[in-house]
Amino acid sequence: MSEFSDEDAFEAAVPLSRQAAAMRPSPWLDDLNPAQRQAVEALDGPVLMLAGAGTGKTKALTARIAHLMTTGRARPNEILAVTFTNKAAREMKDRVGRLLGQTVEGMPWLGTFHAICVKLLRRHAELVGLKSNFTILDTDDQQRLLKQLIVAENIDEKRWPPRMLAGLIDHWKNRAWTPQKVPASEASAFNHRGTELYDYYQRRLKELNAVDFGDLLLHMVTIFQDHPDVLEQYQRWFRYILVDEYQDTNVAQYLWLRLLAQSHKNICCVGDDDQSIYGWRGAEVGNILRFEKDFPGATVVRLEQNYRSTPHILAAASGVIDANQGRLGKTLWTAEEQGEKVRLIGHWDGDEEARWVGEEIESMAKGTRGMRSFSLDDMAILVRASHQMRAFEDRFLTIGLPYRVIGGPRFYERMEIRDAMAYFRLAVSPDDDLAFERIVNTPKRGLGDKAQQKIQIAARENGASLVDGARILLQDKGLGGKGAAELRVLVDGIARWHDAVRAGERSHIELAEVILDESGYTTFWQNEKSPEAPGRLENLKELVKALEGFENLQGFLEHVALIMDNESESEGAKVSIMTLHGAKGLEFPAVFLPGWEDGLFPSQRSMDESGLKGLEEERRLAYVGITRAEEVCTISFAANRRVYGQWQSALPSRFIDELPADHVEVLTPPGLYGGGYGAAGMAASASPQIMAESQSDLHDRASRADVYNSPGWRRLQERSQQRPMSQPRESRNMVVDAEAVSSFTEGDRVFHQKFGYGTVTGLEGDKVDVSFDKAGSKKLVGRFLVEAAQAGDVPF
DNA sequence: TCCCAGATGATTTTT
DNA sequence: TCATCTGGGA
């Protein structure tokens, strides 16, 4: 993926001459519905494409790009097309290529906001006091830097944590506020030191020749504003601008776009105000709502024909989103005939919900219930918060249902990968102080706080980088003993690796291996006894393998800074588990939406922090969730849930009241607890609410109280009090007590609540080594294990 | 300098 | 509940 290859982006080496191109037919136009076609053919001037979920937005967008080229309006390198994710950019590139065949070389200016800004900023870095080889810090680097500043300023980092400052600075950067432009109303932020610290931080970044993610946009906006000649050059170059997911743009991105588009106004923004779910990250729905004011005379096209979901699913989604104020307004429709209603089911508690979903998935995979059978790949569980995933993971491990968690800790964010990358960074540029700090004592070199302070002082006194500071310190014999010797080795190593990078004789892959080897990092993990160590070594191997796709280490580092994903498609069909946020843009034949309880979803915190605005964003999230489903959408809630170890009971989500009754089927779980007492009670209490024509006033909880005052509900409430002491979970998967532990011997089959089944491979005091069938080898305390026979006998 | 025990505090996360 | 951080003791 050499997207950052070279500056041919402005060269005119394009196969299509404008004349010839204009002659070519555009066969793909026939493939579009009228609305799509209108959006594609309105090439000049501002266009707002309001594209509801599943209405073929990417199709229209790519057709438009192709159309711009074949009508001779623009050459591929004169089109600026921005997305938010690398995935979206990749998909668009692929699809444009497919439309046009091989004739058109890749579009250099199709990419994420960040990737495009990096490219631009490297050409103009000096205008904001940077060198063109600046490094890009990720959030981890950013926070460590901020922490240093906070400590240096003698601020109590307990009361004023770095992450809070990071959030604040991000917030300001999203609004395109440089330290000088932060309004006075923000002066009290961060104990009245916010703007001051922001200013220090920006200066420190310049010293380090570094930028954070927010800077990429902010610096470009600054450059465009302060250097009209530069701006003009790009206004002329980018003849047409396309923006995907416009509802997610923040102020900085908005300004950036407006600056570039203001001369010719050939800008086409695609988005859906109903799917704006990143307000908390600075996205401004206002941008899309205001489009027609920003660009008077804009063509507004609504894509409303949905090609994804059944009418019931669409109706349910519409019913929910209708409750939001201030929408641009769209009504999705489909040519499909009926299909399943949205299914709703209540459960006693979160564990039971997970158990039911597991069983339902198994039976849907087999094709029971009068439905077609679904592959596990076709099913997804979408949760509001990642902690909800655990219950499902536990359950699926137990029953051996293959699953994949999407959007967990990402590959390039893992500790060992970041450590290794820090070594690579030092090899490329030994002046990278942040990288040096990260690995100076990793692996342990006997260089603790004291020693590191000495290095810092030596560096500062000499106006040198940390590596040079360390060299000076060693020369002056300012450090003794084991630490000094180790530091010597490290410093020499860095110099040697750097020479090797510059000489370019060895392949970068070989070099990477040498670096990890000579630094002692590989050995460090080999000697580590913790259960994660093998996995981490495995990751390091994978990292080296990932280098193969690049020409050199620099190219790789650039790639990783912006593209943090690493999609390793593993074999076998699996159910997907992910957050609702992570599911945006995806679709599945069958979707499960668990945890629809007030407080969890909509999230209490959202409502507390952002009031009605927060609630509406939660509601859009519900809309996004429902519209992910093609054929079957199953919503569920539980009366009781363990939150941070405490049992809490909750009411079904207010969004459930908003589901239109005609499109919902209330399910009753069969035969649970000998007759479905709890679950049936739940369903019964939920259904009148559904049946009642509920234009339910959100703030009027009184009418709900009546419904949930039903006998079934009250019984549930009463039982919830006893639950923690007795009831299912404990008795089902009985925990073996201390005496029983000693009875394990090697070769025993055991069961663990989280890791599933395994075999005992060794004993060490009260710890037991177990090789789990699915989860690998772990060392754990015996009392969390159950003999397999015993667990296996337990009825689920 | 390192290691472990207790305190702490906890959404969502495109780049 | 449980992962992460920190401060005190070895």
Side-chain angles (χ1 to χ4, degrees), chain A residues 82-90 111-118 136-139 142 147 157-158 161-163 166-167 170 173-174 211-217 244-245 247-250 252-253 275-283 350 382-391 394 406-410 412-413 415 441 443-452 481-483 486 558-565 578-586 595 599-610 614 617-618 620-621 624-625 641-648 724 753-754:
Chain A
V82 277
T83 64
F84 276 85
T85 66
N86 293 295
K87 205 173 145 201
R90 224 178 298 134
T112 63
F113 277 102
H114 297 265
I116 288 169
C117 282
V118 171
I136 303 165
L137 305 188
D138 61 24
T139 41
Q142 188 191 18
K147 182 173 174 177
E157 60 167 312
K158 284 273 175 51
R163 42 177 22 233
D170 256 9
K173 286 185 176 176
N174 285 338
V211 300
D212 61 24
F213 284 131
D215 280 339
L216 293 172
L217 259 301
D244 192 17
E245 306 280 19
Q247 77 282 354
D248 288 340
T249 49
N250 59 35
Q253 288 156 341
Q275 292 188 65
S276 165
I277 55 173
Y278 283 103
W280 51 276
R281 254 187 145 268
L382 313 183
V383 297
R384 177 59 184 71
S386 42
H387 66 249
Q388 290 173 260
M389 294 178 179
R390 179 184 234 111
D394 286 353
I406 294 180
R410 282 180 287 171
Y412 290 113
E413 283 168 5
M415 178 196 1
N441 200 31
K444 297 272 180 293
R445 292 190 173 91
L447 298 163
D449 284 352
K450 273 272 174 58
Q452 291 185 38
K482 181 169 166 280
E486 295 255 30
E558 172 98 17
H559 168 86
V560 170
L562 292 173
I563 302 165
M564 301 285 281
D565 61 351
M578 66 184 96
T579 62
L580 286 160
H581 285 91
K584 198 172 96 173
L586 304 178
L600 180 59
F601 186 45
S603 129
Q604 193 58 50
R605 193 152 157 190
S606 269
M607 295 188 289
D608 291 346
E609 281 173 8
S610 318
E617 182 153 315
E618 295 286 306
R620 291 192 290 267
L621 210 41
V624 166
R641 202 173 283 280
R642 212 168 9 185
V643 181
Y644 304 136
Q646 302 283 92
W647 280 100
Q648 289 184 7
Q753 188 62 35
K754 176 159 184 185

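All values below come from the heavy atoms of this structure, side chains included, with hydrogens, waters and symmetry mates left out. Within every chain, numbering begins at 1; the chains are lettered A, B, ... in the order of the sequence lines, protein sequences first and strands thereafter.
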When every nucleotide of nucleotides 7-13 of chain B is labelled 5' to 3' by its protein contacts under 4.0 Å (heavy atoms), B for base, S for sugar-phosphate only, - for none, what sequence of letters results?
-> ---BBBB

By ring-ring contact (aromatic ring centres under 6.0 Å, His included) - contacts of A:Phe601 (at least two apart) = A:Trp596, A:Phe655

Ranking A:Asp449 and A:Thr112 by the position along DNA chain B of their nearest nucleotide, the one closer to 5' is A:Asp449

With sequence neighbours excluded, tell me which residues meet side-chain contact (heavy atoms from CB on, under 4.5 Å) with A:Ser603.
-> A:Arg384, A:Arg605, A:Ser606, A:Glu618

Taking N or O atoms only and anything under 3.5 Å, show me the protein contacts with nucleotides 2-4 of chain B, one pair per line.
unit_1: B:dC2; atom_1: OP2; unit_2: A:Asn441; atom_2: ND2; d: 3.3

Close side-chain approach of A:Asn86 to A:His559, heavy-atom, < 4.5 Å | no

With sequence neighbours excluded, tell me which residues meet side-chain hydrogen bond (donor to acceptor under 3.5 Å, both in side chains) with A:Arg445.
-> A:Tyr423

Partner residues of A:Asp608 under the side-chain hydrogen bond (donor to acceptor under 3.5 Å, both in side chains) criterion, sequence neighbours left out | A:Gln604

Who passes side-chain contact (heavy atoms from CB on, under 4.5 Å) against A:Gln247, sequence neighbours left out?
-> A:Glu245, A:Gln275, A:Ser276, A:Ile288, A:Lys584

Sorted by chain and residue number, the side-chain hydrogen bond (donor to acceptor under 3.5 Å, both in side chains) partners of A:Gln452 (sequence neighbours excluded) come out as none

For A:Gln253, all residues meeting side-chain hydrogen bond (donor to acceptor under 3.5 Å, both in side chains), sequence neighbours excluded = none

Should A:Asn86 be listed as having a side-chain N or O under 4.0 Å from OP1 or OP2 of B:dT14?
-> no

First encountered from the 5' end of DNA chain B, between A:Phe84 and A:Gln452 = A:Gln452

